[in-house]
Amino acid sequence: MKTPRPETMLPGCAVIVVSYHTGPCLMDCILAVLGEASAHEVVIVDNGNPPDVVAALQEMAASEPRLTLLTGHGNVGFGKACNLGAKATTSPYVLMLNPDSVLGSGSLDGAMSLLGTRPDIALYTIRIENPDGSEQRGCRRNLMTPWTCLVEAFGLYRLGFRRINLNHTPPPPALVEVECISGSFMLFPRPVFEKIGGMDEEYFLHMEDVDTCQRVRKAGGSIWFDPAFSAVHVQGTSEVTKLYIERQKTKGGTLYFSKHFGGWANPLVTLVNIALWLRFSLIAIRLRLKR
C-alpha cells in the first residue's frame with residue numbers, strides 16, 4: 001500500500017456524489033469520503049431522496065464545512081447532476097463517486113498523492129470491489145464498440161477476440177493504462193473535465209461512463225487503473241425497478257453507439273441497436289410474466 005504524502009502536500013479534490021433513493025449506504029459513502037484529508041469539497045446532489053434522508057443531509061452539511069447539499073431540483077439525470085456538483089466547486093481535481101461506493105481508508109489521499117506527481121493522467125480510477133472483495137465487472141475494460149458488443153453477445157471471445165470487461169484477467173500488479181473504467185469512481189484533473197465539457201447530459205442514467213472515456217481518449221487523454229487503492233461498490237441499493245434500469249441502459253447504449261460510430265447509417269450500429277431493444281423487450285416480457 002502506498003503511503004500518502006503529508007496532508008499539507010495533497011492536492012485538493014472535490015468529490016461529487018449524486019443520490020437518488022440510495023438507502024443507508026449513502027451515509028457510509030459520505031463518512032468514508034470525509035475521512036480523507038484531500039476531500040476539500042464534498043457535494044451531495046440530491047436527485048430524489050426521502051424527506052428524512054434530506055433532513056439528515058442538511059443537518060450534516062450544517063455541521064461539516066466541507067459538505068454541501070444541492071437539493072430541490074428534482075431528478076435531472078445523472079450526467080446533469082454531476083455537472084451541477086462540479087460547477088459548485090473549485091478544487092483542482094474532481095471525483096465522480098457513486099453513492100453506493102465506500103472508499104477504503106486512505107484510498108483518496110493515496111490517489112491524490114500519486115496524481116500530484118503525474119500530470120499526464122487525464123482520468124484515473126482505483127480497484128472497485130464487490131462486497132466479497134472480488135474485482136467488480138466493468139472496473140477496468142476495453143472500450144465498447146459495436147464489434148466488441150457482438151463478440152460478447154455471440155461468445156466470439158472463445159475464438160480469441162478480445163472481451164469488453166477485464167475482471168476475468170489477472171489483476172495488474174501496479175498502475176496501468178486502460179481504455180475504459182467504471183463510473184463508480186472517475187477522478188479527473190479539473191482542466192480535463194472542463195475540456196471535454198463535463199458529463200454528457202443527454203444520458204439520463206447509464207453509459208455516461210463509457211461515453212466519458214471515449215471523449216477523454218478522443219481529446220488525447222490517457223486513462224489509468226490503480227490497484228493499490230480500492231472502494232467497495234455495493235450496487236442495487238437504489239429503489240428503482242429492474243425494468244427502469246434496463247430501459248435506461250438500452251437508451252444509453254443506443255445513444256452511445258449512434259453518437260460515436262456513425263449512427264444508423266453504420267450497419268453494425270443498426271444491428272447492435274436493434275439487438276439492444278430486442279433484449280429489453282425480452283426482459284420486459286419476462287418480468288411481466290413473473291408478476
- Message: Can a side-chain donor-acceptor contact be found between His233 and Gln136 if the only test is distance below 3.5 angstrom?
- Response: yes
- Item | Straight-line distance of Lys242 NZ to Lys290 NZ, nearest 0.5 Å | 7.5 Å
- Message: Quick check on the hydrophobic clustering: are Met96 and Val102 connected, directly or via other members, by side-chain heavy-atom contacts under 4.5 Å?
- Response: no
- Query: Would the number of heavy atoms belonging to other residues, nucleotides or ligands and lying under 6.0 Å from CD of Glu59 be above 12?
  - Reply: no
- Query: Under the side-chain contact (heavy atoms from CB on, under 4.5 Å) criterion, do Leu103 and Phe185 qualify, and how do the steps go?
  - Reply: CA-CA 9 Å; Leu103 295 175; Phe185 184 111; 3.6 Å; yes
- Message: Is there a path of hydrophobic side-chain contacts, each under 4.5 Å between heavy atoms of I/L/V/M/F/W/Y residues, joining Met112 to Val17?
- Response: yes
- Task: Identify whether Ile164 and Leu166 are in the same connected component of the hydrophobic contact network (ILVMFWY, side-chain heavy atoms under 4.5 Å).
- Result: no
- Check whether Met60 and Val42 end up in the same hydrophobic cluster, where Ile, Leu, Val, Met, Phe, Trp and Tyr are linked by side-chain heavy atoms less than 4.5 Å apart. yes
- Task: Report yes or no: does Thr250 contribute a side-chain atom to a donor-acceptor pair with the main-chain N or O of Glu246 at less than 3.5 Å?
- Result: yes
- Task: Over all heavy atoms of both residues, which pair between Leu108 and Cys13 is shortest? Give the atoms and the distance, please.
- Result: CD1-SG, 4.2 Å
- Side chains of Val45 and Tyr20 in contact at under 4.5 Å (non-hydrogen atoms): no
- Message: Ignoring hydrogens and geometry beyond distance, is a side-chain donor-acceptor pair present between Ser182 and Ser184 at under 3.5 Å?
- Response: yes
- Can you see which heavy atom on Ile16 is nearest to which on Cys82, and at what distance? CG2-O, 4.0 Å
- Separation of Met199 CE from Phe78 CZ (nearest 0.5 Å): 5.0 Å
- Message: Side chains of Asn273 and Ser258: any donor to acceptor distance under 3.5 Å?
- Response: yes
- Message: Restricting to non-hydrogen atoms, name the atom on Leu34 and the atom on Arg66 that form the minimum distance, rounded to 0.1 Å.
- Response: O-NH2, 2.6 Å
- Query: Is any side-chain heavy atom of Arg162 less than 4.5 Å from a side-chain heavy atom of Tyr157?
  - Reply: no
- Query: Do Arg215 and Thr212 have side-chain heavy atoms sitting under 4.5 Å apart?
  - Reply: yes
- Query: Counting only N and O atoms by type, is there a donor-acceptor contact under 3.5 Å from the side chain of Asn75 to the main-chain atoms of Gly77?
  - Reply: yes
- Verify the distance criterion only: is there a donor paired with an acceptor across the side chains of Glu177 and Ser222 at less than 3.5 Å? no
- Message: Please check: side-chain N/O of Glu194 versus main-chain N/O of Val192, any donor-acceptor pairing under 3.5 Å?
- Response: no
- Checking side-chain contact (heavy atoms from CB on, under 4.5 Å) for the pair Trp224/Asp120: CA distance, chi angles, key distance, verdict? CA-CA 10 Å; Trp224 294 77; Asp120 59 304; 4.2 Å; yes
- Message: If the threshold is 4.0 Å, N to carboxylate O, is there a salt bridge linking Arg127 and Glu135?
- Response: yes
- Message: Is any side-chain heavy atom of Lys251 closer than 4.5 Å to one of Trp277?
- Response: yes
- Message: Take a 6.0 Å sphere around CZ of Arg163 and say whether it holds more than 12 heavy atoms from other residues, nucleotides or ligands.
- Response: yes
- Do Leu57 and Met27 have side-chain heavy atoms sitting under 4.5 Å apart? yes
- Whether over 12 other heavy atoms sit under 6.0 Å from Lys195 NZ: no
- Please say whether more than 12 non-hydrogen atoms of neighbouring residues, nucleotides or ligands are located less than 6.0 Å from CZ in Arg279. no
- Message: Evaluate Asp209 against Arg141 for salt bridge (charged side-chain N to carboxylate O under 4.0 Å, His left out), listing each step before the verdict.
- Response: CA-CA 11 Å; Asp209 50 1; Arg141 45 189 162 171; 2.9 Å; yes
- Query: Would you say the side chain of Leu123 lies within less than 4.5 Å of the side chain of Cys213, judging by non-hydrogen atoms?
  - Reply: yes
- Item | Test side-chain contact (heavy atoms from CB on, under 4.5 Å) applied to Asn142 and Thr148, step by step | CA-CA 9 Å; Asn142 292 314; Thr148 56; 5.7 Å; no
- Query: Are side-chain N/O atoms of His73 and Asn47 paired as donor and acceptor at under 3.5 Å?
  - Reply: yes
- When clusters are formed by joining ILVMFWY residues with side-chain heavy atoms under 4.5 Å apart, either directly or through shared neighbours, do Leu150 and Leu278 land in the same one? no
- Item | Aromatic plane relationship, Phe261 with Phe257 - under 30° parallel, 30 to 60° tilted, over 60° perpendicular | tilted
- Task: Please name the pair of heavy atoms, one in Cys139 and one in Ile126, separated by the smallest distance, quoted to 0.1 Å.
- Result: SG-O, 3.8 Å
- Quick one: CG on Leu10 to NE2 on His40, what's the gap to the nearest 0.5 Å? 7.0 Å
- Item | Glu36 CD to Leu95 CG distance, which is reported to the nearest 0.5 Å | 10.5 Å
- Task: Measure the NZ-CG distance between Lys87 and Leu70 for me, rounded to the nearest 0.5 Å.
- Result: 12.0 Å
- Taking the side chain as C-beta and beyond, is there a heavy-atom pair between Leu255 and Glu202 under 4.5 Å? yes
- Query: Between Asp200 and Lys80, does at least one N-O distance fall below 4.0 Å, as a salt bridge requires?
  - Reply: no
- Item | Least distance between heavy atoms, Gly221 atom then Ala122 atom | CA-CB, 3.7 Å
- Donor-acceptor contact below 3.5 Å, side chain Asn130 vs main chain Asp132: no
- Task: Indicate whether any N or O donor in one side chain lies under 3.5 Å from an N or O acceptor in the other, for Ser19 and Asp46.
- Result: no
- Task: Using a strict 4.0 Å threshold on nitrogen-to-oxygen distance, state whether Glu179 and Arg140 make a salt bridge.
- Result: no
- Message: Once rounded to the nearest 0.5 Å, what's the spacing between atom CG of Leu67 and atom CD of Gln58?
- Response: 11.0 Å
- Message: If we count only N and O atoms by modelled type, under 3.5 Å, do the side chains of Gln214 and Tyr256 hold a donor and an acceptor together?
- Response: yes
- Message: Using side-chain contact (heavy atoms from CB on, under 4.5 Å), reason through Leu187 and Tyr93 one step at a time and then give a plain yes or no.
- Response: CA-CA 7 Å; Leu187 180 52; Tyr93 288 84; 4.2 Å; yes
- Query: Counting distance only, does the side-chain N/O of Ser107 pair as donor-acceptor with the main-chain N or O of Ser230 below 3.5 Å?
  - Reply: yes
- 4.5 Å side-chain heavy-atom contact, Tyr124 and Pro189: no
- Minimum heavy-atom distance between Ala86 and Phe193, given as atom pair plus value: CB-CE2, 3.6 Å
